[in-house]
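Some notes on the structure that comes next.
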Amino acid sequence: MSNLLETIHSPADVKKLTIPQLTELAEEIRERLIVGVAKTGGHIGPNLGVVELTLAMHYVFDTPNDSFVFDVSHQAYVHKLLTGREKLFHTIRQPGGLNGFMLRTESEHDSYGAGHAGTALSAALGMAVARDMSGGKEHIIALAGDAAFTNGISFEALNNIAAQTRRMIIVLNDNAWSIDKNVGAIAEYFHKIVTNPTVSSLHDRAAGLLEKYGGKTARHVVRKAEEAAKGLIGPGMLFEEFGLSYFGPLDGHNLPLLIETFKFLKTQNRPVVLHAITQKGRGFQPALEKQKKFHGLGPYDAETGETKSAGQKTYSEIFAESLTKLADKNEKVVAITAAMPNGTALDLFRPYHPKRYFDVGIAEEHAVIFAAGMATKGYKPFCAIYSTFLQRAFDPIVHDVCLQNLPVVFCMDRGGLSGDDGPTHHGLFDISYLRSVPNLIHMVPKDEDELADMMYTAMLHEGPSAIRYPRGTGPGVAVKAQPVAIEIGKAEVIRDSGRADVAIFGLGAMLPEAVRLAEMLEREGFSAAVINPRFAKPVDRECVAKFGERCGLVITLEDHVLAGGFGSAVLETLNTLEVQVPVVRVGWPDEFIEHGKVEALRAKYGLTAEAALEKARPYLSKMMEQILAKHS
Ligand SMILES: Cc1ncc(C[n+]2csc(CCOP(=O)(O)OP(=O)(O)O)c2C)c(N)n1
Ligand SMILES: CC(=O)[C@@H](O)[C@H](O)COP(=O)(O)O
Ligand SMILES: [Mg+2]
């Protein structure tokens, strides 16, 4: 088979191909995706679903002059292959390699970066209005999945588009899947359109006409037929009511039809929506059979789709098992996810308590307010939302939950560096953005067993609480059969010789590094105390005072940004207590951290015992002088 893909160095090369060649190229791309992502890991399912759509878009439109805005942009691998990054594709999501999402700094063809859902329509509208104001002629095309329309921001944009611009194209990539099956009324609405017999006969007719008469005639006839059909079933009426012209649904894998349709849409002087039906995982049987698993995953066998199991239970699994046990004994416990049942592992909770499991779609703000409403009626909602995605719901946390002091528990998975997904997914800000909010306690477990204890503590706690825990596995500590409540605001002293020169506070996942640092200090003749803070808020003032007064140096380590993080909280506490002691804080710097392997990035940015020791060196030298002077 000739390798067309290797001849594609820019979208201009796509435009030179014939339709049969494009069809051949589509298959080559599929093969490259399946084999490549098998090695790197990534979002294989979504990308296999947009091969023809992306090809047709690049065939008809002209980036970077025209702008493509992909929602989430986890499905931008095909776009990257067609825009000069084919030779680098094997580096995707690898340290120093291509990012797994669109990134403005990576290519001029990536007009807008993303990683969080629901932003494409708003960003595209902003670009369209800016174009109109500058007298531009370029096209703005937003590609958004069906689940993107479960997100409120998408509807804020829809409400605004027709009032703001005459030219904007939205491609609704409808595969009926979010990460799990798509949920809610919008999913039902799309399903109703797609399964309506009149529409599917139109569908066939469009394809047949195109075969027979070619583009122009087919398009005209299809448009007339669709207008007639609209009177019958109202497909796309929702969009029409928002002032957009709806086209479709059509086969999102029929390349000639897509090309003709895009050629037609680019002539329209009105905002349009093209409803394309696609298959998530198309062309790879394992991904078609397990669409949830193959939404995004680590390396897999390119033939069989087999993946290696982690072996040890992840924090997410421990969370779900602990929640299930709490719910077994407390009928008021309910679980809420915002379209992330597998990532949060709440799909392990659901079979045990199906009536107390709620997936609200990609709608974090709504999830939090929904939880607040349930809490007013005596329920105990556990809101499982990644730290990074919970950023979306900051105001509902303040305004709806904490101001009313409602007993909602925020279970922030991916609390800390997320790794391969990169800066849009690292959960590095939650202590900063939550510490300022009154009434909220913020817990950080050192291991799996303490996570279970903290969940039990949160269940008993009568106000709002948050628990952050990292992606993946922990130290592998067994979880007690019966969790115990932790005294609110009480830290745990892990080791203390009584004569500690240095006090080290190792928060959550950084506790092992704190222990290593203590051992390194002991080898240099210092005695070191190690504390498991347990709470980012409230800080254990008594503990901080005790060690701040006794020691010559305090060191804090956290998998969180330094700005406003746990180390800052310790600094503020010492200041309030008027305890004078040098503090060395170890955490992420004031910049966005690239994608990569957690251990390597921690080493690069100094979140290691070795780096902490070097940072403390000046204070240690002075302390050693004082110790020696005292003993001379
Ligand atoms: C604010 C936010 N919440 C949750 C996610 C996690 N997430 C990534 S992709 C996705 C599903 C997207 O579904 P859809 O838009 O239909 O695209 P598809 O994967 O089906 O192509 C979700 C929930 C996210 N990226 N952003
Ligand atoms: C694209 C997206 O936002 C999700 O698919 C995310 O990549 C999941 O992250 P985890 O792999 O950490 O569950
Ligand atoms: Mg989808």
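What's counted below: heavy atoms across the whole structure, side chains too, no hydrogens, waters or symmetry copies. Keep in mind that what you see is a predicted model, and the values were worked out from it rather than measured. For ligands, and for the atoms within them, numbers begin at 1 and follow the listed sequence.
- For ligand 1, the 4.0 Å heavy-atom shell contains residues P46, V72, H74, G115, H116, A117, G145, D146, A147, A148, N173, N175, W177, S178, I179, K280, H295, A339, M340, I362, E364, F389, R392.
- The single protein non-hydrogen atom nearest to atom 12 (O) of ligand 2 is R471 NE, 2.7 Å, given as residue, atom name and distance.
- Within 6.0 Å of the OH atom in Y112, the count of heavy atoms belonging to other residues, nucleotides or ligands does not exceed 12.
- Y352 OH: 12 or fewer foreign heavy atoms inside a 6.0 Å radius.
- Looking only at heavy atoms of the protein, atom 10 (P) of ligand 2 is closest to R414 NH2, 3.5 Å.
- Atoms of ligand 2 found under 4.0 Å from any heavy atom of F389 (numbered from 1 in listed order, with element): 3 (O).
- For H275 and F247, the ring centers sit 6.0 Å or farther from each other.
- Annotation: H116 is in aromatic contact with F389 [ring centroid separation under 6.0 Å].
- Tally of protein N, O or S atoms closer to the Mg ion (ligand 3) than 2.8 Å: 3.
- Taking only nitrogen or oxygen atoms, main chain and side chain alike, S418 does not reach within less than 3.5 Å of ligand 2.
- Annotation for ligand 2: atoms under 4.0 Å from non-hydrogen atoms of H295 are 5 (O).
- Between H79 and F70, the gap from one ring centroid to the other is short of 6.0 Å.
- Looking only at heavy atoms of the protein, atom 9 (O) of ligand 2 is closest to D421 OD2, 3.2 Å.
- For an aromatic pair to be called close, the ring centres must be under 6.0 Å apart, and H295 with H74 satisfies this.
- Partner of D347 under the salt bridge (Lys or Arg N to Asp or Glu O under 4.0 Å) criterion, chosen from K293, K292, K181: K292.
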Could you go through H442 and D430, starting from their C-alpha distance and side-chain angles, then the distance that decides it, and tell me whether this counts as side-chain hydrogen bond (donor to acceptor under 3.5 Å, both in side chains)? CA-CA 9 Å; H442 196 144; D430 56 84; 3.1 Å; yes
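- Between H353 and F349, the two ring planes are tilted [angle within 30° to 60°].
- When ring centroids are compared, H426 and F592 stay outside the 6.0 Å threshold.
- For atom 3 (O) of ligand 2, the closest heavy atom belonging to the protein is H425 NE2, 2.7 Å.
- For F294 and H43, the ring centers are positioned 6.0 Å apart or more.
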Please walk me through it: do S316 and D413 pass side-chain hydrogen bond (donor to acceptor under 3.5 Å, both in side chains)? CA-CA 7 Å; S316 310; D413 204 330; 2.5 Å; yes
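- With distances taken over non-hydrogen atoms, the option nearest atom 1 (C) of ligand 2 out of M340, R93, H43 is H43.
- Ring geometry for F190 versus F239: interplanar angle under 30°, hence parallel rather than tilted (30 to 60°).
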